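Reminder, nothing fancy here: chain letters follow the sequence lines and each chain counts from 1. What you see is a predicted model; the values in this text were computed from it and never measured.
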Amino acid sequence: MAQKPSIPKGTRDFDAAEVAKRSYIMDTIKQQFQLYGFQPIETPSFENSETLMGKYGDEGDRLIFKILNSGEFLSKVSDQDYDSKSEQTITPKISEKALRYDLTVPFARYVVQHQNEIEFPFKRYQIQPVWRADRPQKGRFREFFQCDADVVGSDSLFQEVEFVQLYDAVFSTLKLKGVTIKINNRKVLSGIAEVIGAQDKLIDFTVALDKLDKIGEEKVKDEMRSKGISDEGIEKLQPLFGLKGDFGTQIENLKSILSTSEIGLKGIEELEFINNAISTVKLKTAKLQLDVTLARGLNYYTGAIFEVSAPEGVKMGSIGGGGRYDDLTGIFGLKNMSGVGISFGLDRIYLVLEELNLFPETIADSTKVLFINFGKNEAMTCLKAVTKLRQAGIRAELYPDDAKMRKQMNHANRRNIPFVILVGEEEIKDEKFTLKNMVSGEQNKLSFSELQATLK
RNA sequence: GUGGUUGUAGCUCAGCUGGUUAGAGCGUCGGUUUGUGGUACCGAAAGUCGCCGGUUCGAACCCGGUCUUCCACCCCA
């Protein structure tokens, strides 16, 4: 046997059942997006490198798939650059395009590029694959789908409120109960950094803080020290590590910690507004939780930060994330355009639904009736009937070969086709069809109109 | 990018401290049953033991490299 073909690391093939389950999730998300007034757009799978590079930090640049130029691209590299063997020097000279890494940056590019045609505030959704040159592991692939909804052109916090509702609506519709929508605010994090005298180390500080529940208080402090945050600053953080309780209690504690920070108090005010609004309209099944250690996300979040974690007991990274980014389009030259958005991780939601057995049984609808093939003449009669049934909207097919009955019946079984029809010499003579129910085993000789009525 | 792990028939996996013709279950194909499936019984086909190299009289098994799988770290959906 020849060497078996394969697909690249971190990619997958999907069979019919998997496609059906994925569509079920996608359709649910799409339906809610539309219900909330978002319009679909699509962007190319690859962008100009400069659109993507530098938008996700150094770590992100490493994970972007670069596309090699066409033609004699090496001849454009000078001997000096070539000899340098420096990836950073050579890559831009041999690669001018890259696969999209997420949907947010291409969206920002889209908004800037089409700013004169867009009616603001602009609400769009986008469901497309993205690629990351990451090492695969649980719930992490090199090709995966993101389902994003974003609004640009409005500072209103009602947008944040609606996104919390949208998360709740989608997961409730998917019957995925007990998800936690974690929320934080970049301004609160900035305020804390300010209070401890580490404004300039905001990213290092937040990345360390984010690991609190994973590596524990002491190691977080170690990491902060190693990044150059002073001991007295870390001392001031102490109340933060013990921050517990419901939304309101945490808010009150934060107010005293941040009492001297204008920006911190602004962040608290925003969180309070969102929480109050959600308390008023109520969520169906999700929980909204304030998590001051939540600091993930990209360098461009400026206000709210969201992350959705799977119900307790399911080992899975976040199944959604998002936030407010005041300045994203600024990178592409369009100022004063605030945006906020969220993303659903389709592939991870799939794994969670699978693990909890939450997919409906009936999503994979296949052929309803299979005509058994007894030979050319009989098959011709069947073909006419198949054609008419299809015109009536009934999924019907004819077994293409006059194989042994056992084989044909087995085929119907394996594909879960609920009915077969047998047409032999006798049926042709009587102008009847023998319909067999593959579940009960019962069978009847019917006229075509009776047949059609039964299958309808 | 770092560390660990996995690879044997179409699928899931056995295979002892290296030792003759590498096994099982499921599936496939054929038969019992030439127009009646799911059950049962009988039989058959099917593997360069991931790939390349090394050690050895002898390698699925030991060693090195490489690819792949899965897991953790970094980071993230």
Undergrad: Out of curiosity, A:Arg348 CZ to A:Ile25 CD1, how far, rounded to the nearest 0.5 Å?
TA: 13.5 Å
Undergrad: Does B:rG31 have OP1 or OP2 under 4.0 Å away from a side-chain N or O of A:Lys404?
TA: yes
Undergrad: Reckon A:Gly320 touches a base, only the sugar-phosphate, or nothing at all at heavy-atom distances under 4.0 Å?
TA: sugar-phosphate
Undergrad: Using the six-membered ring for Trp and the full ring for Phe, Tyr or His, decide whether A:Phe344 stacks on the six-membered base ring of B:rA77 (centres under 5.5 Å, planes under 30°).
TA: no
Undergrad: For A:Val130, which contact category applies under a 4.0 Å heavy-atom criterion: base, sugar-phosphate, or nothing?
TA: nothing
Undergrad: Would you say that A:Phe306 contacts A:Lys182 through its side chain, given a criterion of any heavy-atom pair below 4.5 Å between the two side chains?
TA: no
Undergrad: For the P atoms, the ones on B:rC61 and on B:rG18, what distance do you get once it is rounded to whole angstrom?
TA: 11 Å
Undergrad: Is the distance from OP1 or OP2 of B:rG35 to the nearest side-chain N or O of A:Lys436 less than 4.0 Å?
TA: no
Undergrad: Among the candidates B:rA72, B:rG35, B:rA40, find the nucleotide nearest to the side-chain atoms of A:Arg406.
TA: B:rA40
Undergrad: In the strands shown, is B:rU5 matched to any nucleotide by a Watson-Crick or G-U wobble pair with both distances under 3.5 Å, and which?
TA: none
Undergrad: Rounded to whole angstrom, note down the C1' distance from B:rG7 over to B:rU48.
TA: 15 Å
Undergrad: Expressed in angstrom and rounded to an integer, what is the separation of A:His411 atom NE2 from B:rG37 atom P?
TA: 17 Å
Undergrad: Is there a Watson-Crick or G-U wobble partner for B:rC57 with both distances under 3.5 Å, and which nucleotide is it?
TA: B:rG19
Undergrad: Work out how far the P atom of B:rG10 is from that of B:rC49, and round it to whole angstrom.
TA: 12 Å
Undergrad: Give a yes/no on whether any side-chain N or O of A:Gln137 is located under 4.0 angstrom from OP1 or OP2 of B:rA72.
TA: yes
Undergrad: Check whether the side chains of A:Ser45 and A:Gln128 place a donor and an acceptor atom closer than 3.5 Å, and report yes or no.
TA: no
Undergrad: For B:rC41, which nucleotide is its Watson-Crick or G-U wobble mate, given both distances must be under 3.5 Å?
TA: B:rG31
Undergrad: By nearest heavy atom, map A:Ile319 and A:Ser440 onto RNA chain B; which one lands nearer the 5' end?
TA: A:Ser440
Undergrad: Describe the nucleic acid contact of A:Gly139 in one word from base, sugar-phosphate, nothing, applying a heavy-atom distance below 4.0 Å.
TA: base
Undergrad: Using the side-chain heavy atoms of A:Met409, tell me which of these nucleotides is nearest: B:rG35, B:rC75, B:rG37.
TA: B:rG37
Undergrad: Please determine whether any donor N or O and acceptor N or O are separated by less than 3.5 Å between the side chain of A:Gln443 and the base of B:rU36.
TA: yes
Undergrad: Are any of A:Lys9's side-chain N or O atoms less than 4.0 Å away from OP1 or OP2 of B:rU68?
TA: yes
Undergrad: What is the separation between atom CZ on A:Phe107 and atom C1' on B:rA77, rounded to the nearest whole Å?
TA: 18 Å
Undergrad: What is the base-pairing partner of B:rU66, counting Watson-Crick and G-U wobble geometry with both distances under 3.5 Å?
TA: B:rG50
Undergrad: Taking the side chain as every heavy atom from C-beta outward, state whether A:Asp102 and A:Gln146 have any atom pair closer than 4.5 Å.
TA: yes
Undergrad: Suppose you measure atom P in B:rC71 against the same atom in B:rG25; what distance do you get, rounded to whole Å?
TA: 31 Å
Undergrad: Roughly, in whole Å, what's the span from NZ in A:Lys219 to P in B:rC73?
TA: 12 Å
Undergrad: In whole angstroms, how far is the C1' atom of B:rG27 from the CG atom of A:Asn410?
TA: 12 Å
Undergrad: Who does B:rG10 pair with, Watson-Crick or G-U, both distances under 3.5 Å?
TA: B:rC26
Undergrad: Can you tell me how far C1' in B:rA72 sits from the matching atom in B:rU8, rounded to whole Å?
TA: 27 Å
Undergrad: As an exercise, state the distance from OG1 of A:Thr206 to NZ of A:Lys211, rounded to the nearest 0.5 Å.
TA: 10.5 Å
Undergrad: Could you check whether A:Ser318 gets within reach of a base, just the sugar-phosphate, or nothing at all, counting any heavy atom under 4.0 Å?
TA: sugar-phosphate
Undergrad: Below 4.5 Å, heavy atoms only, C-beta onward: do A:Val420 and A:Leu435 meet side chain to side chain?
TA: no
Undergrad: Look at the side chain of A:Asn413 and decide which nucleotide, out of B:rG38, B:rG35, B:rC75, has an atom nearest to it.
TA: B:rG38
Undergrad: Can A:Gln31 and A:Thr28 be counted as having a side-chain donor-acceptor contact under 3.5 angstrom?
TA: no
Undergrad: Can you tell which of A:Gln32, A:Gln34, A:Gln39 makes a side chain to side chain donor-acceptor pair (under 3.5 Å) with A:Tyr125?
TA: A:Gln34
Undergrad: Nearest to the side chain of A:Leu422, heavy atoms from C-beta on, is which of B:rC76, B:rC74, B:rG35?
TA: B:rG35
Undergrad: Using the C1' atom as the point on both nucleotides, what is the distance between B:rC70 and B:rC26, in whole Å?
TA: 24 Å
Undergrad: In this structure, how many angstroms lie between the P atom of B:rA77 and the CZ atom of A:Arg100, rounded?
TA: 15 Å
Undergrad: Taking CZ in A:Phe158 as the centre, count heavy atoms belonging to other residues, nucleotides or ligands within less than 6.0 Å. Is the count above 12?
TA: no
Undergrad: Hey, does A:Glu425 reach any base, or is it just sugar-phosphate, or nothing, if we go heavy atoms under 4.0 Å?
TA: base
Undergrad: Select base, sugar-phosphate, or nothing to describe what A:Phe145 touches, counting heavy atoms under 4.0 Å on all strands.
TA: nothing
Undergrad: Please measure how far the P atom in B:rG47 lies from the corresponding atom in B:rC11, and state the result in whole Å.
TA: 13 Å
Undergrad: Let me know, please, whether A:Lys138 or A:Ala133 comes out on the 5' side of the other along RNA chain B by nearest nucleotide.
TA: A:Ala133
Undergrad: Between B:rG23 and B:rU68, how many Å separate the two P atoms, rounded to a whole number?
TA: 32 Å
Undergrad: Decide yes or no, distance alone: a donor-acceptor N/O pair under 3.5 angstrom between the base of B:rC75 and the side-chain of A:Arg140.
TA: yes
Undergrad: Is a donor-acceptor contact shorter than 3.5 angstrom present between the side chain of A:Glu427 and the base of B:rG35?
TA: yes
Undergrad: Please report, rounded to the nearest Å, how far the P atom of B:rU36 is from the OH atom of A:Tyr399.
TA: 17 Å
Undergrad: Kindly say whether, by distance alone, the side chain of A:Arg135 makes a donor-acceptor pair under 3.5 Å with the base of B:rC70?
TA: no
Undergrad: Whole Å only: how far is the CZ atom of A:Phe65 from the P atom of B:rC76?
TA: 17 Å
Undergrad: In whole Å, what is the span from the CZ atom of A:Arg22 to the P atom of B:rA77?
TA: 17 Å
